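One structure is given below, encoded as structure tokens.
Atoms within each ligand, like the ligands themselves, are counted from 1 in listed order. These numbers come from a predicted model, not from an experiment.
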Amino acid sequence: MKKEELERQYSPSRWSRRMSADDVIKAHVKALKEGTEQARSVAQTLLNVPYGEGDGEKLDVYIPNINSLDVHLVVYIHGGYWQFLSKEESGFMAVPLVDKGVVVVAVGYDIAPKGNMDLMVSQVRRSIVSVIQQYSHISGLYLCGHSAGAHLAAMVLSTDWSQYSITPQIKGAFLVSGIYDLLPILSTYVNEPLKMTEEVAVRNSPSKLVPQLKLSSSSCQIVVAVAENDSPEFRKQSEEFYKVSTHDVANTDHFSIIEKLVDGEYHLTKVNMQTKPKLLKMIMNVSAFIYHSPCLSKLYEINILY
Ligand SMILES: N[C@@H](CC(=O)c1ccccc1NC=O)C(=O)O
């Protein structure tokens with residue numbers, strides 16, 4: 001593929017059918033900011049909790065007002081091509097979740113040019129270890145990532161934990177519009193601030209780490225979702241990562257796919273919170289929602305235990 005076409009394929013904003021490229025990014029950032037403000041007003045928060053020594057190694061915790069013995073926790077890893085966005089606008093997911101008694105953690109990491117790919121992957125891995133150490137009483141840990149955040153979440157699932165102090169048990173992961181093979185972006189504008197070499201791209205590509213993923217995350221339920229109006233390259237990234245495809249619904253793009261997922265009115269009201277494990281149910285309900293919804297398009301669902 002020519003460089004120009006490859007760059008178009010890896011420009012999600014140019015594939016939205018709702019608005020122009022510039023407008024869809026502006027609207028996306030606005031939706032994330034407003035959602036995060038709302039989350040901070042409805043939940044108790046612990047902001048800027050360190051999970052490491054570095055300045056950027058901090059996370060925000062959104063805590064439900066209701067007390068429960070059976071607490072589930074979702075870690076959200078934001079997207080933005082490893083060079084945009086931050087945890088400051090990544091608490092939006094907490095709006096419907098804290099309402100159901102679920103703790104939400106928005107992880108910060110050092111985006112490029114400050115951070116590089118190896119550092120970002122190491123940071124999100126360490127953030128998970130830290131969350132488990134601080135919240136040892138939780139009954140289930142779940143991961144959700146969008147875009148570059150889905151890549152980072154997939155790297156967490158593919159970790160050889162023998163080099164860490166603990167082995168996290170992640171019950172479920174929801175990977176939305178992710179990139180799982182970094183090689184195609186090496187020659188594009190996306191790599192300008194990242195400055196990845198081929199070697200760096202290979203060792204940080206979940207598509208090259210599937211054996212480790214199977215070893216480390218055999219009991220994790222993984223749901224991979226991609227927007228109908230993601231580019232063919234983005235859709236291929238999801239398809240090839242799991243080689244399992246289901247069917248098409250309609251009407252999302254790279255940005256609305258995650259914006260709509262946090263709308264509690266849509267799916268989380270249907271959650272039967274009496275059933276355990278709560279969040280696994282919830283993630284399954286979200287996937288059921290995607291499956292039937294006119295909003296989301298294509299869902300790939302696998303359980304790597306199979
Ligand atoms: N150049 C990219 C920019 C992009 O993807 C993006 C920009 C700002 C905030 C988030 C983004 N992407 C995913 O979360 C695009 O064309 O969409």
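Residues Lys58 and Glu88 are not paired through a salt bridge, judged by the lack of any N-O separation under 4.0 Å between the basic side chain and the carboxylate. Using a cutoff of 4.0 Å between basic side-chain nitrogens and carboxylate oxygens, Arg203 and Glu199 are scored as salt-bridged. Using a 4.0 Å cut-off between a side-chain N of Lys or Arg and a carboxylate O of Asp or Glu, Lys236 and Glu239 do not qualify as a salt bridge.
Near Gly80, meaning under 4.0 Å from any of its heavy atoms, are these atoms of ligand 1: 10 (C), 11 (C), 12 (N), 13 (C), 14 (O). In summary, the atoms of ligand 1 found under 4.0 Å from a heavy atom of Ser147, numbered by their order in the structure, are 13 (C).
Every N/O-N/O distance between Arg14 and ligand 1 stays at or above 3.5 Å. For ligand 1, the polar-atom distance check finds an N/O of Ser13 within less than 3.5 Å of one of the ligand's N/O atoms.
Of the possible polar contacts, one joining the Gln9 side chain to the Glu233 backbone as a donor-acceptor pair under 3.5 Å is found.
In this structure, Tyr10 and Phe234 have tilted ring planes: the angle between them lies in the 30° to 60° band.
If you check which protein heavy atom lies closest to atom 4 (C) of ligand 1, you get Ile25 CD1, 3.7 Å. Atom 2 (C) of ligand 1 has Tyr189 OH, 3.5 Å as its closest protein atom, hydrogens excluded (heavy atom only).
The shortest separation from a heavy atom of Phe255 to ligand 1 is under 4.0 Å, placing the residue in contact.
Of the N and O atoms on the side chains of Glu57 and Ser130, not one donor lies less than 3.5 Å from an acceptor on the other residue.
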